[in-house]
Amino acid sequence: MATTGVVAALAAALCWAVSSSLWRRLATSLSATQLNLVKNLLAVGLQLPVLLMGGWLVSPLALAFLLASGVIGIALGDSLYFAALRRLGTRRALTLEAGGPALSLLGGALFLSEWPRWPQGLGVVLICLSVALVARQQPPAGGSAGLPLPLEGQRLGLMLALAALVCGSAGALLSRAALRDSALPPLQSATLRLAAAAVVMLPLLWRLPPPGLRPRPLRRRWPLVLLATLLGTSGGIVLQQTALQHLPAGLAVALLATAPVLALPLAGLEGDRPGFGGLVAALLALAGVSLVVGLGWRG
């Protein structure tokens, strides 16, 4: 197990837990897809100098995998995740995302020949149990407007979160396929993914309301947007790419799935009380991730 990859994955999980809470607290009239476009464009702008750096040691196939990973995992996956986040809250949305290791284990075995041992399978079962448990809990009252969510809204949130899970796992597998035999630095690979996501979402710019018709933003919104983007989009994705370069896809995604556990201390800030069921779900997820991380791989 590469220490660099483990530390990077856990650090990315922490970045995503904090940034998810920040995005949840952001009051905005933008849709989930529009908000995703804004944060991607901001992240690309911050990382634009990287695109001008030399040393792009990447094959055409690996480049295609990275670009596809950005479109599927970031453009589509993050848009679905933002929509789920508004309906379910940070802890519940992130805990549903803990099902990612199951898909990544299967995908890594089928497409990348990264076969887990049986304890990893047991770990995946525990993670899936935690997902089932948290899915039965009631989300915090309110969504972004602070009003009770109808049952239909909760079901839609669960469907959006599961769709985001599939897209995120597919994006991780594509990134792993591109990076495991490549010397491309994680910062450059992250910038390529973000640029691909921003390009395919550019048509949404024309659907944004003109500046004069938009609600006048509070000054404090922009520091919040900048901090959330730096943590979750720039920092989180660079750390994710580092983990995927040094670890098998299933192992990296399992470590990234610790975000729900790290989000538990933030739940009270949203009026969300995990209670005993939330604690059990978090412990199951932690035990499952520990089994996945603690034993070797073959293949």
Side-chain angles (χ1 to χ4, degrees), residues 12 15-16 19-20 23 30-48 50-51 56 58-85 93 96-97 99-100 103-104 106-108 110-112 159-182 184-208 228-229 232-245 249-250 252-253 256-257:
C15 286
W16 288 342
S19 65
S20 292
W23 287 120
L30 298 179
S31 68
T33 305
Q34 290 170 340
L35 185 61
N36 189 19
L37 171 63
V38 170
K39 62 99 173 170
N40 287 339
L41 289 175
L42 179 58
V44 170
L46 292 172
Q47 296 174 211
L48 188 60
V50 178
L51 293 175
W56 291 87
V58 57
S59 68
L61 181 60
L63 178 62
F65 281 162
L66 283 174
L67 296 179
S69 172
V71 173
I72 297 173
I74 299 177
L76 182 57
D78 282 4
S79 295
L80 293 168
Y81 178 72
F82 274 135
L85 190 64
L96 285 170
E97 286 289 297
L103 291 179
S104 298
L106 180 60
L110 293 178
F111 302 112
L112 303 177
M159 293 175 61
L160 290 168
L162 292 175
L165 183 154
V166 173
C167 290
S169 297
L173 288 171
L174 287 168
S175 286
R176 172 61 179 167
L179 293 173
R180 63 176 180 173
D181 297 320
S182 172
L184 187 67
L187 181 58
Q188 291 179 333
S189 66
T191 304
L192 281 174
R193 294 187 68 209
L194 286 168
V199 167
V200 299
M201 299 181 72
L202 277 179
L204 294 175
L205 279 176
W206 309 115
R207 300 183 61 181
L208 293 175
T229 300
T233 307
S234 294
I237 294 179
V238 170
L239 290 166
Q240 177 199 46
Q241 296 300 100
T242 303
L244 288 168
Q245 192 166 41
V253 174
L256 294 168

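Residues: numbered from 1 along the sequence shown.
With rounding to the nearest 0.5 angstrom, the CG atom of Leu76 is 3.5 Å from the SG atom of Cys167. Note: Ser169 OG to Ile72 CD1 = 11.5 Å, rounded to the nearest 0.5 Å. Atom CG of residue Leu244 and atom CD1 of residue Ile237 lie 11.0 Å apart, to the nearest 0.5 angstrom. Here the OG-CG distance, from Ser189 to Leu179, works out to 4.5 Å after rounding to the nearest 0.5 Å. The distance from atom CD of Gln241 to atom CG of Leu66, rounded to the nearest 0.5 Å, is 6.5 Å. For the atom pair CZ of Phe111 and CG of Leu106, the computed distance is 7.5 Å after rounding to the nearest 0.5 Å.
Shortest non-hydrogen contact noted between Ala75 and Ser79 is O-OG, 2.7 Å. Here the closest heavy-atom approach between residue Leu194 and residue Gln47 is recorded as CD1-OE1, 3.5 Å. Here the shortest heavy-atom pairing between Leu160 and Ala84 reads CB-CB, 3.9 Å. Across every non-hydrogen atom of Gly232 and Ser19, the tightest pair is CA-OG, 3.3 Å. Between Gly236 and Cys15, the closest heavy-atom pair is CA-CB, 4.3 Å. Scanning all heavy atoms of the two residues, the minimum distance from Ala163 to Leu80 falls at CB-CD1, 3.7 Å.
Counting heavy atoms from C-beta outward, Asp78 and Thr233 have side chains that stay 4.5 Å or more apart. Using a 4.5 Å heavy-atom threshold, the side chains of Val199 and Val71 count as separate. Tyr81 places none of its side-chain heavy atoms less than 4.5 Å from the side chain of Asn36.
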**OP:** Could you give me the CA-CA distance, side-chain angles and deciding distance for Ile74 and Lys39, then say whether side chain to side chain contact (heavy atoms under 4.5 Å, CB included) is met?
**Re:** CA-CA 11 Å; Ile74 299 177; Lys39 62 99 173 170; 4.1 Å; yes

Original post:
Would Leu173 and Val253 satisfy side chain to side chain contact (heavy atoms under 4.5 Å, CB included), going step by step from the backbone distance to the final call?
Top reply: CA-CA 9 Å; Leu173 288 171; Val253 174; over 6 Å; no

**OP:** Given side chain to side chain contact (heavy atoms under 4.5 Å, CB included), test Gln240 with Ser175 step by step and report yes or no.
**Re:** CA-CA 10 Å; Gln240 177 199 46; Ser175 286; 5.6 Å; no

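At least one donor-acceptor pair under 3.5 Å links the side chain of Arg180 to the backbone N or O of Leu112. Ser69 contributes a side-chain N or O that, together with a main-chain N or O of Gly171, makes up a donor-acceptor pair within less than 3.5 Å.
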